[in-house]
Student: 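Take this structure first; my questions come after.
Just so you know, these numbers come straight off a predicted model, no measurement behind them.
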Amino acid sequence: MPQVIFLPHDELCPEGGVVEADAGESVLDAALRIDIDIEHACEKSCACTTCHVYIREGAGSMEESDELEDDMLDKAWGLDPDSRLSCQAVVADEDLVVEIPKYTINQVSERH
């Protein structure tokens, strides 16, 4: 069973986190299962960028992003070649190393 390894993030997971994930599970759902509360303002419908993450290792095992995800990612803060929406990034058969960006462009957050 592949693991999703979350690098430390000052607010969401200062110590980082590791979770075993089933193939077909989204990175976001894996994070939420271990209480890493990645924002997801559109309720996982690929309609915002609040769940933007970087897949630092293992991305080659995943399906590539589709046109809708790419269009949304163009609006994300801190976009780089490793960027994915965690609600759309689906675990395959390899471990993933995920970095959560420091910022999101979410205009309204229920956490604050």
Student: Can you name the closest pair of heavy atoms from I38 and T50 and give their distance?
Tutor: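 Scanning both residues, the minimum pair turns out to be CG2-O, 4.3 Å.
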
Student: Among pairs that include at least one residue of residues 54-75, which meet ring-ring contact (aromatic ring centres under 6.0 Å, His included), considering only residues two or more places apart or in two chains?
Tutor: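 Output for this query lists H52-Y54.
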
Student: Could you state the interatomic distance from CG (D74) to CG (L79), rounded to the nearest 0.5 Å?
Tutor: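 Going from CG on D74 over to CG on L79, the span is 6.5 Å.
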
Student: What's the separation between atom CE in M72 and atom OG in S65, rounded to the nearest 0.5 Å?
Tutor: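 The OG atom of S65 is 13.0 Å from CE of M72, to the nearest 0.5 Å.
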
Student: Can you list every pair that meets salt bridge (charged side-chain N to carboxylate O under 4.0 Å, His left out) and has a residue in residues 81-98, with sequence neighbours left out?
Tutor: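 Pairs touching residues 81-98 that pass the test: R56-D82, E69-R84.
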
Student: Determine the minimum heavy-atom distance between C87 and C46, stating which atoms define it.
Tutor: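 The answer is SG-N, 4.0 Å.
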
Student: Does F6 reach the side chain of I34, with side-chain heavy atoms less than 4.5 Å apart?
Tutor: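 Contact flag for F6/I34 side chains = yes.
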
Student: Could you see if L12 belongs to whatever hydrophobic cluster contains V98? Use Ile, Leu, Val, Met, Phe, Trp, Tyr and a side-chain cutoff under 4.5 Å.
Tutor: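 In one cluster with L12: V98, yes.
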
Student: Minimum heavy-atom separation for P2 and A92, please, with both atom names.
Tutor: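 Scanning both residues, the minimum pair turns out to be CG-O, 3.4 Å.
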
Student: Quick check: closest heavy atoms across C42 and A47, and the distance to 0.1 Å?
Tutor: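 Closest approach of C42 to A47, heavy atoms only: SG-N, 3.3 Å.
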
Student: Quick one: closest heavy-atom pair of T104 and T49, and the distance?
Tutor: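 Closest pair (atom of T104, atom of T49, distance): OG1-O, 4.3 Å.
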
Student: Let me confirm one number: the CD-SG distance from Q88 to C51, rounded to the nearest 0.5 Å.
Tutor: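 One finds 7.0 Å between CD of Q88 and SG of C51.
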
Student: Just to verify, which of V90, I55, V91 counts as forming a side chain to side chain contact (heavy atoms under 4.5 Å, CB included) with M62?
Tutor: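 Going through the options one by one, the only one that passes is I55.
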
Student: Can any side-chain N or O of H9 pair as donor or acceptor with the backbone N or O of E99 at less than 3.5 Å?
Tutor: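 Judged by distance alone, no pair lies under 3.5 Å.
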
Student: Show me the side-chain donor-acceptor pairs of residues 18-32 shorter than 3.5 Å, one per line, residues at least two apart or across chains.
Tutor:
| from | atom 1 | to | atom 2 | distance (Å) |
| --- | --- | --- | --- | --- |
| E25 | OE1 | D22 | N | 3.3 |
| E25 | OE1 | R33 | NH2 | 3.0 |
| E25 | OE2 | R33 | NE | 2.8 |
| E25 | OE2 | R33 | NH2 | 3.4 |
| S26 | OG | D29 | N | 3.0 |
| S26 | OG | D29 | OD2 | 3.2 |
| D29 | OD1 | K44 | NZ | 2.6 |

Student: Taking atom CG of D10 as the centre, does the number of heavy atoms from other residues, nucleotides or ligands within less than 6.0 Å exceed 12?
Tutor: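 It does not: D10 CG has 12 such atoms or fewer within range.
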
